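Everything on this sheet refers to the single structure shown next.
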Amino acid sequence: MSENERDPGVAIRTVPTAAERLIAVCGKCGKKLGGGFGSGSKKSLVKTLRVGVADTKGKRRRIRIVETRCMDLCPKGAVALVDSDSPNEFLVVVKETPVSVVAARLGLSESG
């Protein structure tokens with residue numbers, strides 16, 4: 001075992017971020033729907049949210065919207081997500097819900 005593996009201070013480190021909030025969207029739900037959001041209902045919820053509520057681009061975003069693996073909720077015809085502002089509850093977003101409705105529920109403002 002190397003010295004770095006024994007020293008927990010070296011094995012775990014912090015990286016600064018501009019993010020103040022994290023919204024995690026279930027990727028498995030999104031793949032099952034095959035889209036269902038945005039113009040023409042062809043985009044995934046995560047992509048629609050990223051474009052719809054973008055405050056800045058890339059890693060400098062104050063709100064990070066990420067796609068995760070399965071969250072074990074598996075709603076039919078919908079996508080599960082969790083918001084770091086309310087980690088004690090999942091949100092279930094039904095297919096074809098307008099991004100403006102999702103943004104309002106999350107307390108986000110739309111770009112544009």
Side-chain angles (χ1 to χ4, degrees):
M1 185 179 281
S2 74
E3 187 173 302
N4 286 347
E5 290 178 79
R6 282 183 251 145
D7 182 0
V10 174
I12 300 173
R13 62 189 174 104
T14 62
V15 178
T17 178
E20 300 168 358
R21 190 170 173 192
L22 175 73
I23 297 171
V25 182
C26 181
K28 188 174 179 182
C29 291
K31 285 182 181 152
K32 282 184 179 181
L33 287 183
F37 299 92
S39 61
S41 296
K42 295 187 180 194
K43 290 185 178 180
S44 69
L45 179 60
V46 71
K47 287 182 182 178
T48 304
L49 279 174
R50 282 181 183 155
V51 170
V53 299
D55 52 356
T56 60
K57 295 192 177 208
K59 295 181 181 177
R60 291 191 178 95
R61 289 183 178 192
R62 290 181 310 105
I63 301 165
R64 298 290 302 268
I65 301 169
V66 298
E67 188 172 69
T68 66
R69 297 184 122 194
C70 184
M71 293 184 182
D72 290 332
L73 188 61
C74 305
K76 292 188 187 238
V79 178
L81 68 85
V82 67
D83 180 359
S84 65
D85 278 0
S86 301
N88 59 334
E89 64 185 13
F90 284 100
L91 296 180
V92 177
V93 182
V94 177
K95 184 177 184 175
E96 298 182 4
T97 300
V99 71
S100 59
V101 172
V102 180
R105 173 61 176 86
L106 292 168
L108 306 173
S109 60
E110 288 186 83
S111 66

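Sequential numbering from 1 along the given sequence is applied to the chain's residues. Note that the coordinates shown come from a computational prediction; the quantities given were computed from them, not determined experimentally.
Counting heavy atoms from C-beta on, the side chains of Leu106 and Leu81 come closer than 4.5 Å. A heavy-atom distance below 4.5 Å is found between the side chains of Ile23 and Leu108.
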Check your understanding: Please walk me through it: do Leu45 and Leu33 pass side-chain contact (heavy atoms from CB on, under 4.5 Å)?
Key -> CA-CA 10 Å; Leu45 179 60; Leu33 287 183; over 6 Å; no
Practice item. Report the C-alpha separation of Val102 and Phe37 in whole Å, then their side-chain angles, then the decisive distance to 0.1 Å, and conclude whether the side-chain contact (heavy atoms from CB on, under 4.5 Å) test is met. Key: CA-CA 11 Å; Val102 180; Phe37 299 92; 5.5 Å; no
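Counting only residues at least two apart or in different chains, side-chain hydrogen bond (donor to acceptor under 3.5 Å, both in side chains) contacts with residues 21-46 comprise Arg21-Asp83, Arg21-Asp85.
Across all their heavy atoms, Cys29 and Pro75 have their closest contact at SG-CD, 3.7 Å. Taking both residues in full, the closest heavy atoms of Ala24 and Thr68 are given as CB-CG2, 3.5 Å, listed atom of the first, atom of the second, then distance. Pairing each heavy atom of Glu67 with each of Arg50, the nearest pair is N-NH2, 4.0 Å. When all heavy atoms are compared, the tightest approach of Arg64 to Ala19 is CG-CB, 3.4 Å.
Val92 and Val25 fall into different hydrophobic clusters, where Ile, Leu, Val, Met, Phe, Trp and Tyr residues are linked whenever their side-chain heavy atoms come under 4.5 Å apart, directly or through other members. With hydrophobic clusters built from ILVMFWY side chains whose heavy atoms lie under 4.5 angstrom apart, Val79 does not share a cluster with Leu73. The hydrophobic clustering, which links ILVMFWY residues whose side-chain heavy atoms are closer than 4.5 Å, places Val82 and Val46 apart.
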